[in-house]
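Structure first, then comments.
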Amino acid sequence: MPELALTPPPPKRTEIFQIEDHSSQTAGKEIPPWVTAYIYEGSAAVERLPEYQNKYVFIAETEGTNVNALRQWARNFAVLQDLSRLIAIRITRRFTNASANNPDEIYGPFFEEAIREASDAFYYGAIKETDYWILAQFFEEDGVTPQRKVYQFFILISIDQALLKSQIDEILDKVPVAGITREQAAFISHFKETFFTGF
């Protein structure tokens, strides 16, 4: 079966939707707080939950109508192989947020090399904590007309903040800075020093 692509964490939904079913509904349980926090506010909201203090949280997410294929995707998810893509997405967002959406100009070749190194790295110490699914009915803007109904699967991965910081610092420090201007060098230096502010 072809591998299902990881979808980058989207800006949190402005779409109108209703949850019709979820992993623990048949057991009479509520949706876990981490799922609710992620759906409505993103991974930063999950990191604010008491149980994830001093941790970075990454959510692998995919959706579709074939629930069996999605379950297989969740079973086959391997932290050592798949986490690097999620971290690289987050590092890319950090570059973009720090450079008015034009990191190539601000950081020169350092930007592309840093993302390549982050994507190719293996990160140790991360834990696949759990996974969860929901069945969501999405509606048109009127809030009444059905648009699509899909299963959404989420995998929660956590890693100690200090541990990930040391690994990312090592990656950024080994990225070559040849062929950059003096101004770009200054931006890169500041970026490294403040990288985890807003990460």
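Basis for what follows: all heavy atoms, side chains included, without hydrogens, waters or symmetry-related copies.
A 4.5 Å side-chain heavy-atom check between Ile127 and Val79 finds every atom pair outside the cut-off. Side-chain contact between Leu164 and Tyr123: present, with at least one pair of heavy atoms (C-beta onward) separated by less than 4.5 Å. A 4.5 Å side-chain heavy-atom check between Val175 and Ile188 finds every atom pair outside the cut-off. Counting heavy atoms from C-beta outward, Phe58 and Ile89 have side chains that stay 4.5 Å or more apart. Contact of the Asp169 side chain with the Phe196 side chain is registered, since non-hydrogen atoms from C-beta on lie closer than 4.5 Å.
Between Arg116 and Glu112 there is a salt bridge, since a side-chain N of the basic residue sits under 4.0 Å from a carboxylate O of the acidic one.
Environment of CD in Glu129: crowded, with over 12 heavy atoms of neighbouring residues, nucleotides or ligands closer than 6.0 Å. The neighbour count for Glu183 CD, taken as heavy atoms of other residues, nucleotides or ligands under 6.0 Å away, does not exceed 12.
Geometrically, Lys128 does not engage Phe77 in a cation-pi contact defined by less than 6.0 Å to the ring centre and at most 45° from the axis.
Using a distance-only test at 3.5 Å, with no hydrogens or angles considered, a donor-acceptor pair links the side chain of Thr92 to the main chain of Ala88. Counting only distance, with no hydrogens or angles, the side chain of Ser84 and the backbone of Ser119 share a donor-acceptor pair below 3.5 Å. The backbone N or O of Ala136 sits nowhere less than 3.5 Å from a side-chain atom of Gln18 that would complete a donor-acceptor pair. Between the side chain of Glu20 and the main chain of Gln137, no donor-acceptor pair closer than 3.5 Å is present. A donor-acceptor pair under 3.5 Å is formed between the side chain of Ser23 and the backbone N or O of Trp133.
Taking the centre of each ring, Phe195 and Phe199 come in below the 6.0 Å mark.
Using a 30° and 60° split on the angle between ring planes, Phe95 and Phe191 fall in the parallel class, below 30°.
With rounding to the nearest 0.5 Å, the separation of CG in Asn54 from CG in Leu163 is 13.0 Å. Between the CD atom of Glu117 and the CZ atom of Phe110 there is a distance of 10.0 Å, given to the nearest 0.5 Å. With rounding to the nearest 0.5 Å, the separation of CZ in Arg94 from CD1 in Ile87 is 15.5 Å.
The closest side-chain donor-acceptor pair between Ser24 and Tyr132 falls under 3.5 angstrom.
Counting all heavy atoms, side chain and backbone alike, Leu80 lies closest to Phe122 at O-CD2, 3.3 Å. Across all non-hydrogen atoms, the minimal contact from Phe17 to Phe139 is CA-CD1, 4.2 Å.
Using a 4.5 Å cut-off between side-chain heavy atoms of Ile, Leu, Val, Met, Phe, Trp and Tyr, with links allowed through other members, Tyr40 and Val150 fall into the same hydrophobic cluster.
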